[in-house]
Amino acid sequence: MSGQGQGTEVIVVGGGVIGSSIAYHLARAGVRTLLLEQRTIAVAASGASAGGTRQQGRDPRELALSMRASARWATLEDELAADIHYRRKGHLTVIEREEDRVGLVEAIGRQQAAGLNIRLVEGAELRGIAPALAPHILAGSYTPDDGHANPGLTAKAFAAAAARAGAAVREGVTVHGLAVEGGKVVGVLTDEGRSGADLTILAAGAWSRALAATAGVELPIAPMGLQMILTEAVAPCLDPVVGCVGRRLSFKQLPAGNFLIGGGWPGDWDLARPRGVTRDAGIWGSAQTAAAIIPVSGTVGLQDAWVGIEARSADDMPILGPVREVAGLVIAAGFSGHGFQLSPAIGQVLAELVVEGRPSIPLDALALDRFAGHDTAATLAAPFAG
Ligand SMILES: Cc1cc2nc3c(=O)[nH]c(=O)nc-3n(C[C@H](O)[C@H](O)[C@H](O)COP(=O)(O)OP(=O)(O)OC[C@H]3O[C@@H](n4cnc5c(N)ncnc54)[C@H](O)[C@@H]3O)c2cc1C
């Protein structure tokens with residue numbers, strides 16, 4: 001893919017779903033944009049992702065972004081002129097124990113108050129929405145506007161649309177560092193030489209920390225490996241994505257019939273490679289958990305397993321927006337296992353920030369300086385809750 005590259009105004013580092021969405025929204029707004037990806041589009045977290053487009057269960061700091069993204073998901077395939085396997089068939093977070101009901105009902109109430117289309121479902125309604133659930137499942141919180149899409153296809157569709165809108169999309173170009181002059185980031189240093197830009201947006205996922213450090217910026221993020229398993233295909237039997245309180249589970253049936261199962265099972269990672277290494281215990285644990293909640297999955301053979309390398313921030317929330325002490329640099333990293341759903345909104349608000357100077361959704365609660373004075377090493381060392 002290629003497009004214009006001369007006189008670049010904005011360089012976006014990283015061709016995952018986040019960088020590709022940002023490049024698309026910038027190019028669409030008429031900004032001269034260069035997207036640099038060291039391997040291929042969607043090679044890292046964005047190609048390994050579970051692809052859930054869930055608004056429910058979001059931290060209040062990112063709920064407005066998530067709801068904006070949900071509105072965009074509804075028409076994204078038309079907008080990008082691509083089949084990204086989007087299915088808007090709901091998300092269901094179920095409970096197995098009566099003692100979890102109070103927490104579920106409270107969480108539904110909080111999210112309804114924030115404007116989310118979410119409700120408690122049980123009995124015949126619950127079984128109608130997801131007949132494949134195990135008989136012991138009691139109830140669930142249901143968001144009919146959630147769903148899933150193919151994450152690799154989505155990132156590639158954003159990148160292709162960015163190129164069509166005039167962005168230069170370059171694969172196979174490694175950024176070795178940020179070019180800094182007089183305390184300002186003025187572009188990047190790559191294996192092809194130096195590229196200048198008025199603004200550089202760092203969207204290099206788990207690789208962002210080392211790149212930010214070249215401009216003296218400390219990003220409180222750490223890599224984490226998240227494991228997925230994929231079963232063989234069966235006849236269609238499940239519409240919504242299913243999660244379960246107290247379990248590591250994210251379960252969906254893909255359009256081709258395979259069950260895609262994750263939920264925060266850890267795998268091993270090595271930043272020299274775009275994918276991590278699976279752990280047998282996690283594959284087994286993930287399959288057992290899935291079979292306990294959706295019994296039919298226990299009767300289907302395993303087809304594949306993989307580990308995506310994701311950037312986890314010190315509070316499991318994305319780091320978004322300008323770096324106050326270093327001009328010319330914007331961060332979009334640290335998506336902590338839930339960046340895919342947000343991607344249309346992230347591109348939109350960052351393009352607004354660049355073009356209009358102000359995003360339509362305030363990003364202050366997600367700014368890097370929220371970590372000032374905090375011991376982020378300790379929180380980054382804590383286990384990931386999923
Ligand atoms: C297994 C798994 C399941 C997930 N499930 C969900 C889900 O159901 N729903 C959801 O919303 N989110 C989910 N996520 C999270 C979501 O997929 C990520 O938050 C999102 O893909 C992050 O995108 P990114 O563009 O920031 O990072 P990445 O996709 O990792 O992209 C970063 C890119 O930067 C490139 N790069 C790195 N260094 C350089 C360099 N020096 N020069 C040039 N390029 C560079 C990399 O090659 C890479 O392509 C999941 C993640 C994983 C791993």
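Counting from 1, the numbers follow the sequence of the chain as shown. Whatever order the structure lists ligands and atoms in, that order sets their numbers, starting from 1.
The heavy atom nearest to atom 53 (C) of ligand 1, considering only G339, G337, G308, is found in G308. The option from F340, F158, W207, W265 that lies nearest to atom 12 (N) of ligand 1, judged by heavy atoms, is F340. The closest non-hydrogen atom to atom 35 (C) of ligand 1, taken over E37, M228, Q38, comes from E37. Across H338, Q55, E310, Q341, heavy-atom proximity to atom 18 (C) of ligand 1 is greatest for E310. Which of A206, A44, A204, G262 comes nearest to atom 32 (C) of ligand 1 through a heavy atom is settled by distance: it is A204.
The minimum heavy-atom distance between A367 and R324, with the atom names listed, is CB-NH2, 4.2 Å. Of all heavy-atom pairs between A290 and L249, the closest is CA-CD1, 3.9 Å. I18 approaches G339 most closely through the heavy-atom pair CD1-O, 3.8 Å.
In terms of protein heavy atoms, atom 50 (C) of ligand 1 is closest to S49 OG, 3.3 Å. Protein heavy atom in closest approach to atom 24 (P) of ligand 1: I18 CG1, 3.7 Å. Taking atom 31 (O) of ligand 1 as the reference point, the nearest protein heavy-atom neighbour is G16 CA, 3.4 Å. Protein heavy atom in closest approach to atom 21 (O) of ligand 1: S46 OG, 2.9 Å. Nearest protein neighbour of atom 42 (N) of ligand 1, counting heavy atoms only, is V175 N, 2.9 Å. Scanning the protein heavy atoms around atom 9 (N) of ligand 1, the nearest turns out to be G52 O, 2.9 Å. In this structure, the protein non-hydrogen atom closest to atom 3 (C) of ligand 1 is A50 N, 3.2 Å. From the protein, the heavy atom lying nearest to atom 27 (O) of ligand 1 is G205 CA, 3.7 Å.
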Practice problem: Verify side chain to side chain donor-acceptor pair (under 3.5 Å) between S70 and Q55, making sure each step is shown before the conclusion. | Solution: CA-CA 7 Å; S70 177; Q55 302 166 88; 3.2 Å; yes
Practice problem: Take D146 and R54 through the test salt bridge (Lys or Arg N to Asp or Glu O under 4.0 Å) and record every step on the way to the result. | Solution: CA-CA 5 Å; D146 291 347; R54 164 185 63 82; over 6 Å; no
Exercise. Tell me, with the steps shown, if Q227 and R279 meet side chain to side chain donor-acceptor pair (under 3.5 Å).
Key: CA-CA 8 Å; Q227 190 158 297; R279 297 179 188 172; 5.9 Å; no
Quiz item: Could you walk me through whether R39 and T174 pass the side chain to side chain donor-acceptor pair (under 3.5 Å) check?
Solution: CA-CA 8 Å; R39 291 187 171 90; T174 300; over 6 Å; no
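Between the side chain of T143 and the backbone N or O of I118, no donor-acceptor pair lies under 3.5 Å. The main-chain N or O of Y86 is found under 3.5 Å from a side-chain atom of E77 such that the two form a donor-acceptor pair.
Contacts between V173 and ligand 1, counted as non-hydrogen atom pairs separated by less than 4.0 Å, involve the backbone only. Contacts with ligand 1 closer than 4.0 Å are made by no heavy atom of S250, backbone or side chain. No part of L342 comes within 4.0 Å of ligand 1, judged by heavy-atom distances.
For the pair L226 and ligand 1, the shortest N or O to N or O distance does not fall below 3.5 Å.
In summary, the atoms of ligand 1 found under 4.0 Å from a heavy atom of L36, numbered by their order in the structure, are 43 (C), 44 (N). Heavy-atom proximity to L211, at under 4.0 Å, picks out these atoms of ligand 1: 41 (N). The distance from ligand 1 to the heavy atoms of V43 drops below 4.0 Å at these ligand atoms: 47 (O), 49 (O). Atoms of ligand 1 lying under 4.0 Å from at least one heavy atom of V17, given by number and element, are 21 (O), 23 (O), 25 (O). Close approach to F335 involves these atoms of ligand 1, each under 4.0 Å from a residue heavy atom: 19 (O), 26 (O). Near G51, meaning under 4.0 Å from any of its heavy atoms, are these atoms of ligand 1: 7 (C), 8 (O).
For the pairing with Q56, the side-chain contact (heavy atoms from CB on, under 4.5 Å) check across L63, L92, T93, N117 returns one residue only, T93. Here the options are L34, V330, L26, the test is side-chain contact (heavy atoms from CB on, under 4.5 Å), and the partner is V12; only L26 passes. None of K89, R88, R87 except one satisfies the salt bridge (charged side-chain N to carboxylate O under 4.0 Å, His left out) rule with D239; the exception is K89.
Side-chain contact, H25 with E352: no donor N or O sits under 3.5 Å from an acceptor N or O.
A heavy-atom separation below 4.0 Å is not found between P274 and ligand 1.
Electrostatic pairing of R101 and E122 counts as a salt bridge here, judged by a charged N lying under 4.0 Å from a carboxylate O.
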